[in-house]
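Worksheet: one structure, shown below.
Just so it is clear, the structure is predicted and the values come from calculations on it, not from any experiment. Ligands are counted one by one from 1 in listed order, and the atoms in each one are counted from 1 as well.
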Amino acid sequence: MTPYFVEYIIKMISQETFNKEKDITTSLINTLLSIKPLANFARSRARKMIIDRANKIGVNWHKNMTTLQGRDWNDDLKQVENPHLKYPDYYLKSFHAYDNGNLGWDAAWELESAAYSVHSTIFSQEPQLSGDRTLRKKYHEVLQQEITKSLENILDSGCGTGLSTFILKEIYPEAQIVGLDLSPYFLAVANYQAQQKNYQINWHHSKAEETTLSPESFDLISSFLMFHELPQDASLNILAESYKLLKKGGYLGIMDMNPQSEVYKKMPRYVLTLLKSTEPYLDQYFSFDIEKELIKIGFSQPKIVPISPRHRVIIAQKH
Ligand SMILES: C[S@@+](CC[C@H](N)C(=O)[O-])C[C@H]1O[C@@H](n2cnc3c(N)ncnc32)[C@H](O)[C@@H]1O
């Protein structure tokens with residue numbers, strides 16, 4: 001999901017809480033963020049804003065959270081977890097203001113409500129419940145325009161709690177769909193939600209860069225908002241693994257933040273430093289030349305389509 005902090009910071013800028021004239025430097029921000037109580041305060045403000053906005057658009061954050069919290073998740077976890085998986089160090093960092101990042105229940109139970117909230121103002125000044133759905137819909141409009149052949153096998157790489165997987169299932173009901181993620185907590189929630197919807201989806205707990213899935217077995221690999229969470233070496237390895245997993249003529253579709261958009265181009269450096277406190281690899285994401293790397297790996301010239309003021313779709317085909 002678009003990082004909590006992006007939303008918070010954009011709001012702070014628009015409210016001129018931070019005034020550029022005062023020359024708040026990157027190093028000062030870094031110093032402030034290294035003071036734990038201050039960093040925690042900023043995070044808790046960002047979190048409060050997300051929850052307030054969720055409630056404003058009609059998402060009952062507290063109820064959603066407590067409903068999921070009330071289940072016994074032990075069996076769900078056992079069904080999806082690969083107990084032998086070794087997590088890469090970069091994944092063990094704090095993300096999105098959760099100390100244990102994506103490896104915890106709170107993040108899993110809150111992901112859907114948070115996605116609705118943080119995407120609620122993308123297409124409108126006024127927060128709207130439909131923002132998240134519209135973003136996903138626009139991504140699929142681009143995919144459907146570019147990919148005209150039928151898709152039998154689809155991988156959702158970095159599927160989270162399944163929001164991006166369920167829409168794939170709705171658009172391609174006949175396809176065999178695999179949802180892959182490194183968080184077993186997210187996959188447990190995804191599996192539970194899929195059962196509620198009666199959707200047949202195979203969940204796969206692994207690194208997207210080392211999947212153990214069969215080579216040349218997918219027509220489409222889709223990745224929705226995963227790449228901004230990755231250091232560059234992991235992104236490179238995932239692109240290479242995706243190339244290996246795709247059938248000849250298969251497609252890779254990526255939806256994520258658009259570093260070329262005016263919103264991010266105009267963003268002062270210190271703001272990016274602030275964002276880093278909840279999105280540790282954002283600067284690496286912003287300087288990653290994904291187009292060049294896709295071509296080096298062997299993909300066709302990728303097509304890049306902006307779909308919101310700050311998101312873009314990348315589609316590349318395996319020759
Ligand atoms: C912002 S979430 C997006 C989730 C989902 N695609 C959606 O649209 O809601 C990014 C996801 O990528 C996953 N992820 C990050 N690095 C990964 C990796 N190396 N391998 C597999 N999943 C990864 C995270 O666990 C998280 O679920």
Would one find more than 12 heavy atoms of other residues, nucleotides or ligands at under 6.0 Å from atom CD of E174?
no

Surrounding CG of D89 (heavy atoms of other residues, nucleotides or ligands, distance under 6.0 Å), is the total greater than 12?
no

Using heavy atoms and a 4.0 Å limit, tell me yes or no: is [X] in contact with ligand 1?
| X | value |
| --- | --- |
| R136 | yes |
| S206 | yes |
| C159 | yes |
| Y87 | no |

Do any nitrogen or oxygen atoms of [X] lie less than 3.5 angstrom from nitrogen or oxygen atoms of ligand 1?
| X | answer |
| --- | --- |
| D181 | yes |
| Y91 | yes |
| S164 | yes |
| G158 | yes |
| F186 | no |
| D156 | no |

Scan side-chain atoms only and decide if E110 and Y98 contain a donor-acceptor pair under the 3.5 Å cut-off.
yes

Would a hydrophobic clustering, with Ile, Leu, Val, Met, Phe, Trp and Tyr connected at side-chain separations under 4.5 Å, put Y91 with L85?
yes

My understanding is that only residues two or more places apart in sequence, or in another chain, count here; which of them pass ring pair (Phe, Tyr, Trp, His ring centres under 6.0 Å) with Y172?
none

So, applying side-chain contact (heavy atoms from CB on, under 4.5 Å) with H204, which one of L155, D156, T212 is it?
T212

So does [Y] get a backbone contact from the side chain of [X], meaning a donor-acceptor N/O pair under 3.5 Å?
| X | Y | value |
| --- | --- | --- |
| H311 | I307 | no |
| S120 | S117 | yes |
| T66 | K63 | yes |

Where does [X] meet ligand 1, judged by heavy-atom distances below 4.0 Å: at the side chain, the backbone, both, or neither?
| X | value |
| --- | --- |
| L230 | side chain |
| E229 | side chain |
| S157 | neither |
| F166 | neither |
| N102 | side chain |

Under 4.0 Å from any heavy atom of [X], which atoms of ligand 1 are there?
| X | answer |
| --- | --- |
| E209 | 18 (C), 19 (N), 20 (N) |
| L180 | 21 (C) |
| L225 | 1 (C), 2 (S), 3 (C), 10 (C) |
| K207 | 20 (N) |

Given E262 and K265, is the salt bridge (Lys or Arg N to Asp or Glu O under 4.0 Å) satisfied, shown in steps?
CA-CA 5 Å; E262 288 304 307; K265 273 204 218 150; 3.7 Å; yes

Aromatic contact, W73 with Y185 (centres under 6.0 Å):
no

Quick one: which of M255, E210, H204, M226 has a heavy atom closest to atom 23 (C) of ligand 1?
M226

Output every pair passing ring pair (Phe, Tyr, Trp, His ring centres under 6.0 Å) with a member in residues 121-149, not counting sequence neighbours, ordered by first then second residue.
Y139-F224

